[in-house]
Amino acid sequence: DFTADMGYTAADGFVLSSSIFEDNFEYDNGWVLSGEFERGAPGGLGGTEHGNADPSSAFGGSNVLGTDLTGMGSRPGDYESNIGDRAYQAVSPAMNCTNYSNVTLEFQRWLNVERNSYDHAYVDVYDGSSWNNAWANGSTTLEDNTWSLQTIDISAHADGNNNVKIRFCIGSTDYGWEYSGWNIDDVVVTGDGKPIISVTPASFEKSVSPGGTDADTFSIEN
């Protein structure tokens, strides 16, 4: 018996797009949270001075992943001022993308953050040895007031990697103008999977006379 990666491509008709990781945050699936990141039901907090408040409900179900959902900070619902680089983090469990290509991250976003001259929001990808930035807020202040589907290509750091992690971050921030930060729901990581083919030769005996034919039998399982 032997198992081998046969190296098929999309042209061979064998590549299957499939889910590698999913989380709707209804249960604790092992995210490591620091700063003011929480998993729970959003309560529409924050946004009293700048930007929009958190949503009053999840995109689906009851819970989301977000910053200061319960009003833990000095500005309930908003991230704090003067925090350091990536001071707030939500780090996913490890994902095995060994047999996948074109790995993509999708999630529902409700994000309020001042433009990057002052405050910062990031999505990073761990490639097994280091963190790499996959998305960052730009020169325009983000003021979401509805859920929107986000799609990020993370293939450069995830394809073929057996220890992939996703990280959502807030920080650094300046001394004022705090916003409600991240609200995240329905995270899905997908990729194009190459099948693993197991080929097992069957027992056989053969006796072929001149001019005869013969067939070897194999059991093939995808």
Side-chain angles (χ1 to χ4, degrees), residues 19 21-81 83-93 104-116 118-125 133-152 154 165-174 176-190:
S19 173
F21 175 82
E22 297 183 17
D23 200 343
N24 60 9
F25 304 108
E26 297 305 294
Y27 304 96
D28 182 359
N29 289 316
W31 290 71
V32 178
L33 309 180
S34 60
E36 291 186 353
F37 261 106
E38 300 177 88
R39 182 186 65 85
L45 298 179
T48 55
E49 294 185 11
H50 305 288
N52 295 305
D54 291 336
S56 57
S57 61
F59 178 79
S62 300
N63 293 335
V64 302
L65 182 67
T67 49
D68 197 5
L69 299 175
T70 58
M72 65 169 66
S74 62
R75 293 181 178 270
D78 294 333
Y79 54 74
E80 301 298 305
S81 60
I83 64 173
D85 179 47
R86 293 171 169 82
Y88 299 177
Q89 297 188 12
V91 181
S92 75
T104 300
L105 167 66
E106 293 185 350
F107 61 95
Q108 294 290 336
R109 186 193 81 182
W110 186 307
L111 172 63
N112 280 257
V113 60
E114 193 174 10
R115 59 194 175 101
N116 63 6
Y118 306 107
D119 297 341
H120 299 86
Y122 299 108
V123 180
D124 299 329
V125 182
N133 182 242
W135 179 89
N137 65 310
S139 59
T140 301
T141 295
L142 290 174
E143 297 179 304
D144 290 346
N145 61 3
T146 187
W147 289 104
S148 63
L149 178 64
Q150 305 296 307
T151 302
I152 302 175
I154 60 171
K165 297 179 183 179
I166 305 297
R167 179 173 71 179
F168 295 93
C169 305
I170 287 285
S172 60
T173 64
D174 70 350
W177 284 54
E178 294 84 3
Y179 289 70
S180 58
W182 279 111
N183 292 272
I184 302 150
D185 205 358
D186 290 0
V187 170
V188 180
V189 177
T190 60

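On a predicted model such as this, the values are computed, not experimentally measured, just so you know. No hydrogens, no waters, no symmetry mates; every other heavy atom, side chains included, goes into these values.
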Are the side chain of N137 and the backbone of D119 linked by a donor-acceptor contact shorter than 3.5 Å?
yes
Between CG on residue L45 and OG1 on residue T70, distance to nearest 0.5 Å
8.0 Å
Quick one: CD1 on I166 to CG on D23, what's the gap to the nearest 0.5 Å?
12.0 Å
Partner of R109 by salt bridge (Lys or Arg N to Asp or Glu O under 4.0 Å), out of D186, D144, D185
D144
Would you check if the side chain of N116 reaches a backbone N or O of H120 as a donor-acceptor pair within less than 3.5 Å?
no
In this structure, CD of E49 is separated from CZ of R75 (nearest 0.5 Å) by 4.5 Å
What is the minimum heavy-atom distance between F107 and V123, and which atoms define it?
CZ-CG2, 4.5 Å
Using 0.5 Å steps for rounding, measure from the CG atom of L65 to the CD atom of E38.
10.0 Å
Which atom names give the shortest non-hydrogen contact between T141 and V113, and what distance separates them?
CG2-O, 3.3 Å
Short side-chain to backbone donor-acceptor contact, W182 and C169, under 3.5 Å:
yes
Does N133 reach the main-chain N or O of D124 with its side chain, forming a donor-acceptor pair under 3.5 Å?
no
Of all the heavy-atom pairs spanning A134 and V125, show the shortest one and how long it is.
CB-CG2, 3.9 Å
Measuring from atom CD1 of I184 to atom CZ of R39, what distance do you get when rounded to the nearest 0.5 angstrom?
13.5 Å
Do the two ring centres, one from F168 and one from F37, sit under 6.0 Å apart?
no
Please collect all salt bridge (Lys or Arg N to Asp or Glu O under 4.0 Å) contacts where either partner lies in residues 25-36, sequence neighbours excluded, each pair once.
none
Calculate, to the nearest 0.5 Å, the distance between atoms OG1 and CZ belonging to T190 and F21 respectively.
13.0 Å
Just by modelled atom types, is the E106 backbone N or O under 3.5 Å from a matching donor or acceptor in the T151 side chain?
no
Tell me, do R115 and T140 make a side-chain contact under 4.5 Å, heavy atoms counted?
no
Is V187 close to L105 at the side-chain level, that is, under 4.5 Å between some pair of heavy atoms?
yes
Please tell me if the side chains of T173 and Y88 come closer than 4.5 Å, counting only heavy atoms from C-beta onward.
no
All pairs passing side-chain hydrogen bond (donor to acceptor under 3.5 Å, both in side chains) where residues 52-65 contributes a residue, at least two apart
D54-N183
Evaluate whether atom CZ of F59 has more than 12 neighbouring non-hydrogen atoms of other residues, nucleotides or ligands under 6.0 angstrom away.
no
Is the W177 ring parallel, tilted or perpendicular to the Y179 ring (thresholds 30°, 60°)?
tilted
Please walk me through it: do S74 and E80 pass side-chain hydrogen bond (donor to acceptor under 3.5 Å, both in side chains)?
CA-CA 7 Å; S74 62; E80 301 298 305; 2.4 Å; yes
Which atom of G46 lies closest to which atom of A53, heavy atoms considered:
O-CB, 3.2 Å
Distance-minimising heavy-atom pair for P55 and W147
CG-CZ2, 3.6 Å
For a quick check under 3.5 Å, do E178 and S81 share a side-chain donor-acceptor pair by atom type?
yes
